[in-house]
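Note sheet for the following structure.
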Amino acid sequence: MKSVTIIDYGMGNIKSLYNCLKFLNYNPIFYSESKNIKSNFSILPGVGAFNQAMKLIEERDILNSLSSYVKNNNNILLGICLGMQLFFEESTENYNTNGLGMIKGKVKKLSTNENEILPNVGWFETSIKPNKTFDYLKEFDKQKFYYVHSYVAEPIDNKNQIATSVYNDKKFCAMTVKNSNIIGTQFHPEKSSNVGLDFLETIIKNSIN
């Protein structure tokens, strides 16, 4: 049984993600157990505030591990929801906070209109136009995934965005990539029923050694 590392830094749906990976017949291992990423596929989850997440990552000395990990193109890092947002240079949530800086761009509030309801919660159609590296994800174009978020990433370079969804007639970044080994989803595949399981399995089986 092949292993997938969950970067458990204190924020995220660890239990649901763990159960999904077990269901897909992978061996989920936690970063916290060895302070090391022991598989070539790892997941950075996240639910909550950007600034608190970065504080925990820095306090637990995970930053250097992640930076070293993604330098090897054979290693794949998947970020989910807040985990994806952490890939970016900074966020304005609560106050300006530096992120991991893997992708150029900022994380901003989805809407500043007081008449628009946040968080954005529910199942929404996702338009996926992957690059050549992630071409296998095109089968999920126009599928509905589960979202729950108030902030959204805004990549500077369009090549880092391979999917969008819509909130009150406004497009936002639903998936982001960097090189061939960093990929993030604003939606929660682990909460997206069968289509989410299929999505996770497809990424892992096309990535894992």
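Considering only heavy atoms from C-beta on, Tyr151 stays 4.5 Å or farther from Leu110 through its side chain. At a threshold of 4.5 Å between non-hydrogen side-chain atoms, the residues Ile7 and Thr5 count as touching. Using a 4.5 Å heavy-atom threshold, the side chains of Leu21 and Ile204 count as touching. Two residues are said to be in side-chain contact when any heavy atoms from C-beta on lie closer than 4.5 Å; Val195 and Leu197 fail this criterion. Here the side chains of Gln52 and Asn94 are not in contact, with every heavy-atom distance at 4.5 Å or above. With contacts defined as side-chain heavy-atom distances shorter than 4.5 Å, the pair Ile80/His188 qualifies. Met54 has its side chain within reach of Leu100: a pair of non-hydrogen atoms, C-beta onward, lies under 4.5 Å apart. With a 4.5 Å cut-off on side-chain heavy atoms, Ile6 and Leu17 count as touching.
Counting only distance, with no hydrogens or angles, the side chain of Asn179 and the backbone of Asn181 share no donor-acceptor pair below 3.5 Å. A donor-acceptor pair under 3.5 Å is absent between the side-chain atoms of Tyr146 and the main chain of Glu190, judged by distance alone. In terms of modelled atom types and a separation under 3.5 Å, the side chain of Asp141 and the main chain of Ile128 share a donor-acceptor contact. With hydrogens and angles disregarded, no donor-acceptor distance shorter than 3.5 Å links the side chain of Thr176 to the backbone of Gly184. Without hydrogens or angle criteria, Asn36 side chain to Lys38 main chain gives no donor-acceptor distance under 3.5 Å. Side chain of Asn40 to backbone of Asn74: a donor-acceptor contact under 3.5 angstrom is found.
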Output, in order, the C-alpha distance, side-chain angles, deciding distance and verdict of ring pair (Phe, Tyr, Trp, His ring centres under 6.0 Å) for Phe187 and Phe124. CA-CA 9 Å; Phe187 55 84; Phe124 300 104; over 10 Å; no

>> Assess the residue pair Lys205 and Ile208 against the criterion (side chain to side chain contact (heavy atoms under 4.5 Å, CB included)); give the C-alpha distance rounded to whole Å, side-chain angles, the decisive distance to 0.1 Å, and a yes or no.
In response: CA-CA 6 Å; Lys205 76 179 182 182; Ile208 203 166; 5.7 Å; no

Q | side chain to side chain contact (heavy atoms under 4.5 Å, CB included) evaluation trace for Gln186 with Gln85 | A | CA-CA 8 Å; Gln186 184 59 64; Gln85 294 177 7; 3.1 Å; yes

- Item | Val47/Cys81 under side chain to side chain contact (heavy atoms under 4.5 Å, CB included): CA gap, chis, key distance, verdict | CA-CA 7 Å; Val47 173; Cys81 196; 5.6 Å; no

Worksheet entry | Evaluation steps, side chain to side chain contact (heavy atoms under 4.5 Å, CB included), between Leu63 and Asp61 | CA-CA 6 Å; Leu63 185 58; Asp61 200 27; 5.9 Å; no

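In this structure, Lys170 pairs ionically with Glu116, as a charged nitrogen and a carboxylate oxygen lie closer than 4.0 Å. Electrostatic pairing of Lys144 and Glu125 does not count as a salt bridge here, judged by no charged N lying under 4.0 Å from a carboxylate O. We find that Lys106 and Glu154 are not joined by a salt bridge, their nearest charged nitrogen and carboxylate oxygen being 4.0 Å or further apart.
Partner of Tyr147 under the side chain to side chain donor-acceptor pair (under 3.5 Å) criterion, chosen from Thr185, Asn120, Thr126: Thr126.
With 3.5 Å as the limit, one finds no donor-acceptor pair spanning the side chains of Tyr167 and Ser111. For the residue pair Tyr95 and Asn51, a side-chain donor N or O sits within less than 3.5 Å of a side-chain acceptor on the partner.
Asp198 approaches Thr202 most closely through the heavy-atom pair O-OG1, 2.7 Å. The shortest heavy-atom contact between Met84 and Phe88 is O-CD1, 3.6 Å. The shortest heavy-atom contact between Leu137 and Phe199 is CD2-CE1, 3.9 Å. Here the closest non-hydrogen pair linking Ile182 and Phe134 is O-CZ, 4.3 Å. Closest approach of Ala153 to Cys173, counting heavy atoms only: O-CB, 3.3 Å. In this structure, Ile37 and Ser42 approach most closely via the heavy-atom pair CG2-CB, 4.0 Å.
Around atom CD1 of Ile117, no more than 12 heavy atoms belonging to other residues, nucleotides or ligands sit under 6.0 Å away. Lys178 NZ: more than 12 foreign heavy atoms inside a 6.0 Å radius. Counting non-hydrogen atoms of other residues, nucleotides and ligands closer than 6.0 Å to CG of Asn73 gives a total above 12. Enclosure of atom CZ in Phe23 is not indicated, since only 12 or fewer non-hydrogen atoms of other residues, nucleotides or ligands lie within 6.0 angstrom.
Between Phe30 and Tyr18, the gap from one ring centroid to the other is short of 6.0 Å. In this structure, His149 has its ring center under 6.0 Å from that of Phe172.
Interatomic distance, Ile183 CD1 to Thr133 OG1, rounded to the nearest 0.5 Å: 9.5 Å. The OG atom of Ser16 sits 6.0 Å away from atom NZ of Lys191, with the distance rounded to the nearest 0.5 Å. Note that CD1 of Ile62 is 8.0 Å distant from CG of Leu56, once rounded to the nearest 0.5 Å. Atom OH of Tyr9 sits about 10.0 Å away from atom CZ of Arg60, to the nearest 0.5 Å. With rounding to the nearest 0.5 angstrom, the OG atom of Ser39 is 8.0 Å from the CG atom of Asn75. With values rounded to the nearest 0.5 angstrom, Asn113 atom CG is found 8.5 Å from Asn168 atom CG.
Side-chain heavy atoms closer than 4.5 Å link hydrophobic residues (I, L, V, M, F, W, Y) into clusters, and following such links, possibly through other members, connects Val107 to Leu44. In the hydrophobic clustering of ILVMFWY residues, with side-chain heavy atoms under 4.5 Å counting as a link, Phe145 and Val152 come out together. Connection of Phe87 to Leu78 is not established within any shared hydrophobic cluster, with ILVMFWY side chains joined at heavy-atom distances below 4.5 Å, either directly or through further cluster members. Criterion: ILVMFWY side-chain heavy atoms under 4.5 Å apart, direct or through other members. Under it, Val70 and Val177 are not part of a common hydrophobic cluster. Met11 and Met102 fall within a single hydrophobic cluster, where Ile, Leu, Val, Met, Phe, Trp and Tyr are joined by side-chain heavy atoms under 4.5 Å apart, directly or via other members.
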